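These values consider heavy atoms only, across backbone and side chains, with no hydrogens, waters or symmetry-generated copies. Nothing here was measured: the structure is a model prediction, and the numbers come from that model.
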Amino acid sequence: MSQHQKNNNEEIDLGDLFRLLKKGIQYIFNLFLRFVAFVLRHAIVLIVLIVIGAIIGYFLQKKSGELVKTEMIIASNFGSSEYVFNSINQISYQIGHKDTLALEKLGIPLDAGALKLEIKPIVNISRFSQEEETFLELVSESNFINEEEKAKMFARYFRYYKVILSHPKNLNSEKVLTNILQQLRDNPYYQEYNNVNLSFLNNQIKANEKLISEIDSLVGNYSKAINKQQQASSTFYNSANNLDLGVVIQNRNQVQDQLQYLYREKVANAEFLRLVDLGTPTEIKEKGITYYKIILIPLLLVLGYFGLIIFVKVVQKARKLE
């Protein structure tokens, strides 16, 4: 008897499940039919909006032109990473808001169309220590620091930056990026820091070159003294015999290594914010939805029309409740 009741309960549960599924499918189907009916009722208005939006989007897209990008790679020095990061964001804000004075200073025509400036660090994980990797990972996962502060903290750990300018084809992007770099360099503090650093490097290079020359002269004189001693018929004591040639050569190699390091530093810091590469315009492969204005504008008009109808319905129901 209990087994029979159990089977009946299972049949009832399955029946309820199928009925619920049927009701759900029917509800979705009814919603679809209502949407189709709504579109048919407003078909003329929707077609007009789509046509108008497509025309507006076509002319806007044609006016702005096809965007390309030019990338400039710069090397920050003297702990200026955060300064570079903040300055590029400030210039980007001025370009986005069509600041007349800023555009004129950068050599950008007022009718240049859509422009976008951004900066991205060139990440070299191999240069990070284990402690730095752990710290950056903790900062990235932290919920107590907002995204802007995280970006500033990350900026301090990178030296090389890629400045990316998205622009119409007819814009002289190399000139604009050169002007941006010159504006970044126009900082009295870092310019003075750069001058002092170059003076120090030049003095160190001269001192090391002189030291290497003196070591070479010492080794040369020592070799001559040894040769003369070996040619003499009798042996005699000479202070040159006390010279440890191995230690002298080892010290010379250390000075030579340091000199090579100083040469590299002089090249890297010959000027504040050294230009590594100024690229040429290339195609933008990843384009956002805002690029396709011929699709975006009609979509916005249709959504706006739907929103207006919903708003009117809500107002009508609210008045009925009153």
Side-chain angles (χ1 to χ4, degrees), residues 72-85 120-139 152-163 181 184-185 187-232 234-278:
M72 175 177 65
I73 298 177
I74 58 176
S76 64
N77 40 13
F78 316 128
S80 61
S81 297
E82 188 171 350
Y83 161 75
V84 173
F85 188 87
K120 295 181 179 180
I122 299 177
V123 182
N124 187 357
I125 299 296
S126 61
R127 295 176 62 92
F128 288 167
S129 65
Q130 184 65 36
E131 291 77 10
E132 288 175 331
E133 289 185 25
T134 303
F135 172 74
L136 292 175
E137 184 177 353
L138 290 174
V139 171
K152 290 182 179 180
M153 295 179 72
F154 289 150
R156 301 188 187 103
Y157 282 87
F158 306 114
R159 181 176 183 184
Y160 294 95
Y161 284 90
K162 186 182 293 185
V163 181
L181 180 59
L184 293 175
R185 286 174 174 168
N187 184 293
Y189 170 78
Y190 285 113
Q191 286 292 348
E192 184 176 355
Y193 203 133
N194 182 69
N195 294 334
V196 172
N197 183 68
L198 279 179
S199 177
F200 171 77
L201 288 175
N202 288 327
N203 291 335
Q204 285 294 107
I205 288 173
K206 290 179 180 178
N208 282 29
E209 290 175 341
K210 182 179 180 182
L211 182 57
I212 289 177
S213 177
E214 291 175 350
I215 292 176
D216 291 342
S217 177
L218 177 63
V219 172
N221 293 334
Y222 175 78
S223 299
K224 291 179 181 179
I226 292 297
N227 290 334
K228 288 181 180 180
Q229 181 180 353
Q230 291 176 348
Q231 292 174 2
S234 60
T235 59
F236 60 94
Y237 176 80
N238 192 303
S239 60
N241 294 331
N242 293 331
L243 182 64
D244 192 334
L245 190 60
V247 174
V248 173
I249 294 176
Q250 183 180 1
N251 291 336
R252 185 191 185 283
N253 290 337
Q254 291 178 354
V255 177
Q256 182 70 37
D257 291 340
Q258 186 182 17
L259 185 59
Q260 291 178 353
Y261 169 77
L262 292 172
Y263 285 148
R264 292 194 298 269
E265 284 295 300
K266 184 178 179 180
V267 171
N269 299 288
E271 54 189 345
F272 173 52
L273 295 180
R274 190 64 190 263
L275 176 64
V276 178
D277 179 62
L278 180 59

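A donor-acceptor contact shorter than 3.5 Å is absent between the side chain of Ser81 and the backbone of Arg159. Panel note: side chain Gln258, backbone Asn208; no donor-acceptor pair is recorded below 3.5 Å. Using a distance-only test at 3.5 Å, with no hydrogens or angles considered, a donor-acceptor pair links the side chain of Asn202 to the main chain of Leu198.
Atom-to-atom distance recorded for Ser80:OG and Phe85:CZ is 13.5 Å, nearest 0.5 angstrom. Between Lys266 atom NZ and Phe200 atom CZ the span is 13.5 Å, to the nearest 0.5 Å. To the nearest 0.5 Å, the span separating CG on Leu218 from OG on Ser213 amounts to 11.0 Å. To the nearest 0.5 angstrom, Ile73 atom CD1 is 12.5 Å from Lys120 atom NZ. Rounded to the nearest 0.5 Å, atoms CD (Gln254) and CG (Leu211) are 11.0 Å apart. For the atom pair Gln260 CD and Glu265 CD, the distance stands at 13.5 Å (nearest 0.5 Å).
For the pair Asp216 and Arg252, the minimum side-chain heavy-atom distance is below 4.5 Å. Residues Leu273 and Leu181 are in side-chain contact: their nearest non-hydrogen atoms beyond the backbone lie under 4.5 Å apart. In this structure, Leu278 and Leu275 have side chains that are in contact, with non-hydrogen atoms separated by less than 4.5 Å. Within the 4.5 Å cutoff, the side chain of Tyr193 has no heavy atoms near those of the Asn77 side chain. Between Met72 and Lys162, every side-chain heavy-atom pair lies at or beyond the 4.5 Å cut-off. Within the 4.5 Å cutoff, the side chain of Tyr161 has no heavy atoms near those of the Ile122 side chain. Residues Phe78 and Asn194 have side chains in contact (heavy-atom distance under 4.5 Å, counting atoms from C-beta outward).
Residues that satisfy the ring pair (Phe, Tyr, Trp, His ring centres under 6.0 Å) test with Tyr190, not counting sequence neighbours, are Tyr83, Phe272. By the salt bridge (Lys or Arg N to Asp or Glu O under 4.0 Å) test, Glu209 pairs with no residue at all, sequence neighbours left out.
Shortest non-hydrogen contact noted between Gln256 and Ile212 is OE1-CD1, 3.2 Å.
Counting heavy atoms of neighbouring residues, nucleotides and ligands inside a 6.0 Å radius, atom OH of Tyr263 exceeds 12 of them.
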